[in-house]
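A short write-up of the structure that comes next.
If you're wondering where the values come from, they're calculated on a predicted model, not measured in any experiment.
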Amino acid sequence: MFDSDDRSAYPRPTSFSVMRPEYEDQEDGTVQASITVSPYTVTGVSTTRPGARRAALHQAHKTYRAYHAAYVIPSPFPDAFTDQEGTRWERATGGDLQMGDYRFIDDHGEEDFADIDQMLLWDVRPELDYD
């Protein structure tokens, strides 16, 4: 994932994951998380604090890629999963990637797509498996 000879002023995304976010409630009901590894700050917005933190960490990966073009941004979601509301999600492939990163069936029974940033905003989370 990381090249040991990789030199950059920008911190590795894992450096952000150990920092405590600062949260700010937004007027639209969402929450913004800000994580700072001085002098850099990443922010993420979601419907919940944990979702905002995940969104900020995803932003850290995206920003790191801007400095290191070969870096592959990991998905914060499995390739296929059922969320906590019972919706089944699958990673899009081929031509479907133009529609979004993941496909799902909406409340009206229609196939729809969402990109990772939208899923993080909605605070989509895989169903917990206690087995």
Say you draw a straight line from OG1 of Thr82 to CD of Glu90; how long is it, rounded to the nearest 0.5 Å? 9.0 Å
I'd like to know if the side chain of Arg103 and the backbone of Ala92 have a donor-acceptor N/O pair within less than 3.5 Å. no
Is the number of heavy atoms from other residues, nucleotides or ligands within 6.0 Å of CD (Glu22) greater than 12? no
Measure up the Tyr102 and Phe77 rings against each other and bin them: parallel (under 30°), tilted (30 to 60°), perpendicular (over 60°). perpendicular
Non-hydrogen side-chain atoms of Ile105 and Glu110 separated by less than 4.5 Å: no
If you count the non-hydrogen atoms of other residues, nucleotides and ligands that lie under 6.0 Å from CD in Glu85, is the total more than 12? no
So does Asp107 have more than 12 non-hydrogen atoms from other groups sitting under 6.0 Å from CG? no
Give the cluster check for Val124 versus Phe104: same hydrophobic cluster or not, with ILVMFWY residues linked at side-chain heavy-atom distances below 4.5 Å. yes
Count I, L, V, M, F, W, Y as connected when their side-chain heavy atoms are under 4.5 Å apart, and connections chain through other members. Are Val18 and Tyr40 then in the same cluster? yes
Which of Asp79, Asp101, Asp83 passes side-chain hydrogen bond (donor to acceptor under 3.5 Å, both in side chains) with Trp89? Answer is Asp83
Same cluster or not: Tyr23 versus Leu121, using hydrophobic residues (I, L, V, M, F, W, Y) connected whenever any side-chain heavy atoms lie under 4.5 Å apart? no
What do the steps show when you test Thr36 against Met19 for side chain to side chain contact (heavy atoms under 4.5 Å, CB included), and what is the final call? CA-CA 7 Å; Thr36 301; Met19 302 302 290; over 6 Å; no
Do Ser75 and Arg91 have a side chain donor and acceptor closer than 3.5 Å? yes
Under a 3.5 Å distance rule, please check whether Gln26 uses its side chain to pair with a backbone N or O of Glu24 as donor and acceptor. yes
Nearest heavy-atom contact between Trp122 and Ala114 is CZ3-CB, 3.8 Å
Could you please spell out the steps behind the side chain to side chain contact (heavy atoms under 4.5 Å, CB included) verdict for His61 and Phe16? CA-CA 9 Å; His61 286 282; Phe16 289 97; over 6 Å; no
Mind listing the closest non-hydrogen atom pair of Thr48 and Asp123 along with its distance? OG1-OD2, 2.6 Å
Testing the 3.5 Å rule here: is there a donor-acceptor pair between the side chains of Ser34 and Thr43? no
Least distance between heavy atoms, Ala52 atom then Ser46 atom: N-CB, 3.2 Å
Residues His58 and Pro76: closest non-hydrogen pair is ND1-CD, 3.9 Å
So which heavy atom on Arg88 is nearest to which on Ala80, and how close? NH2-CB, 3.3 Å
Please determine whether residues Leu120 and Met99 belong to a single hydrophobic cluster, defined as Ile, Leu, Val, Met, Phe, Trp and Tyr linked transitively by side-chain heavy-atom distances below 4.5 Å. no
Which atoms form the tightest heavy-atom contact between Gly44 and Ala55, and what is the distance? CA-CB, 3.7 Å
Out of curiosity, does Val45 fall in the hydrophobic cluster containing Val31 (side-chain heavy atoms, cut-off under 4.5 Å, transitive links)? no
Whether the side chain of Tyr10 engages the backbone of Ala66 through a donor-acceptor N/O pair (distance < 3.5 Å, no angle test) should be reported. no
